[in-house]
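In what follows, a structure is listed as structure tokens, so that the remarks can point back to it.
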Amino acid sequence: MTFDLFDNLPEPDSRGGEHSEAIGPGAVVLRGFALSRALALRQAIEQVHAQAPFRHLVTPGGFRMSVAMTNCGTLGWVSDERGYRYDPNDPDSGRPWPAMPAVFVELAREAAAAAGYPGFVPDACLINRYTPGTRLSLHQDRNERDLHAPIVSVSLGLPAVFLFGGARRADRPARIRVAHGDIVVWGGPSRLFYHGIAPLADGDHPLLGTLRLNLTFRKAG
DNA sequence: GAGTGCCG
DNA sequence: GTAT
């Protein structure tokens, strides 16, 4: 007598291996959702980077973040010794953040709708660049004016372990592997849940080499 | 009004 | 794996 341990695994649907997994109340992972647009997304990120280079921000406590960041959209998330905030201008250049590429807006809109949040129109996109060893410890996204809108988080390049906790920092986070093309969407009851990224493992991705790039879409204003 | 930070 |  043998048991098939895989009997209860969710079956990918017919769209080229795409499927979704619930990870919490109002929270879902859309597997492979961004895959077909990965090349266009990489090109768009390069264009943003040309106008607003990646940089390592400093936390209010004075610590340099290991993740390098830039933004596009009408508002960008920034941190310095004075605190966290959304700013219409890049503090390094004094100029407005680059416009959000159309491929970004459309992907975020579609992903949110697929996760049960129709009508999502992001005005801020934080772009995070991870190299092996880089992490983002548990935190909440709560500087946005509109907490009704969800968070849409797109993974590109090297895989990572997404930590998805609860409403309190002490809630033990689930460890969810996120790969190239996956999108995590959370909102409603889980909008303020703590989350983070475990230290990135070494690796070499065919499209992005030794990098993980993450796009986080928000309605901040 | 602190905090997406570090360590063994 | 965890400890704050």
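Lettering follows sequence order; numbering is per chain, from 1. Fair warning: this is a prediction, and the values are worked out from it, not measured in the lab.
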Problem set entry | Under the side-chain contact (heavy atoms from CB on, under 4.5 Å) test, residues paired with Thr131(A) that sit two or more places apart | Thr134(A), Leu211(A)

Seminar exercise, completed: Applying ring pair (Phe, Tyr, Trp, His ring centres under 6.0 Å) to Tyr84(A) and not counting sequence neighbours gives Trp77(A)

Exercise. By side-chain contact (heavy atoms from CB on, under 4.5 Å), which residues pair with Ala112(A), not counting sequence neighbours?
Worked result: Tyr117(A), Phe120(A), Pro150(A), Val152(A)

For this session: Classify the nucleic acid contact of Asn128(A) as base, sugar-phosphate or nothing, counting any heavy atom under 4.0 Å across all strands shown.
Result: nothing

Exercise. For the rings on Phe54(A) and His49(A), is their centre-to-centre separation under 6.0 Å?
Worked result: yes

Residues 196-210 of chain A side chain polar contacts: donor-acceptor under 3.5 Å, at least two apart:
| unit_1 | atom_1 | unit_2 | atom_2 | d |
| --- | --- | --- | --- | --- |
| His205(A) | ND1 | Leu207(A) | N | 3.0 |
| His205(A) | ND1 | Leu208(A) | N | 3.3 |

For this session: Name all residues meeting the side chain to side chain donor-acceptor pair (under 3.5 Å) criterion together with Asp171(A); count only those two or more places apart in sequence or in a different chain, and write none if there are none.
Result: Arg168(A)

Exercise. By salt bridge (charged side-chain N to carboxylate O under 4.0 Å, His left out), which residues pair with Arg109(A), not counting sequence neighbours?
Worked result: Glu106(A)

For this session: Scan for ring pair (Phe, Tyr, Trp, His ring centres under 6.0 Å) pairs involving residues 91-112 of chain A, sequence neighbours excluded, and state none if there are none.
Result: Phe104(A)-Phe217(A)

Seminar exercise, completed: The complete set of side-chain hydrogen bond (donor to acceptor under 3.5 Å, both in side chains) pairs with one or both residues in residues 25-36 of chain A, sequence neighbours excluded, reads Glu21(A)-Arg31(A), Arg31(A)-Asp182(A)

For nucleotides 2-4 of chain C, tabulate all protein N/O to nucleotide N/O atom pairs closer than 3.5 Å, reporting atom names and distance.
none

Exercise. Can you tell me how far P in dA2(B) sits from the matching atom in dT4(C), rounded to whole Å?
Worked result: 23 Å

Exercise. Among residues 58-80 of chain A, which contact DNA chain B at a heavy-atom distance under 4.0 Å?
Worked result: Pro60(A), Phe63(A), Met65(A), Trp77(A)

Table please: side-chain donor-acceptor pairs of residues 60-69 of chain A below 3.5 Å, with sequence neighbours left out.
| unit_1 | atom_1 | unit_2 | atom_2 | d |
| --- | --- | --- | --- | --- |
| Ser66(A) | OG | Arg135(A) | N | 3.3 |
| Ser66(A) | OG | Arg135(A) | O | 3.2 |

Exercise. Which nucleotide span of DNA chain B, 5' end to 3' end, has atoms closer than 4.0 Å to non-hydrogen atoms of chain A?
Worked result: dG1(B) to dC6(B)

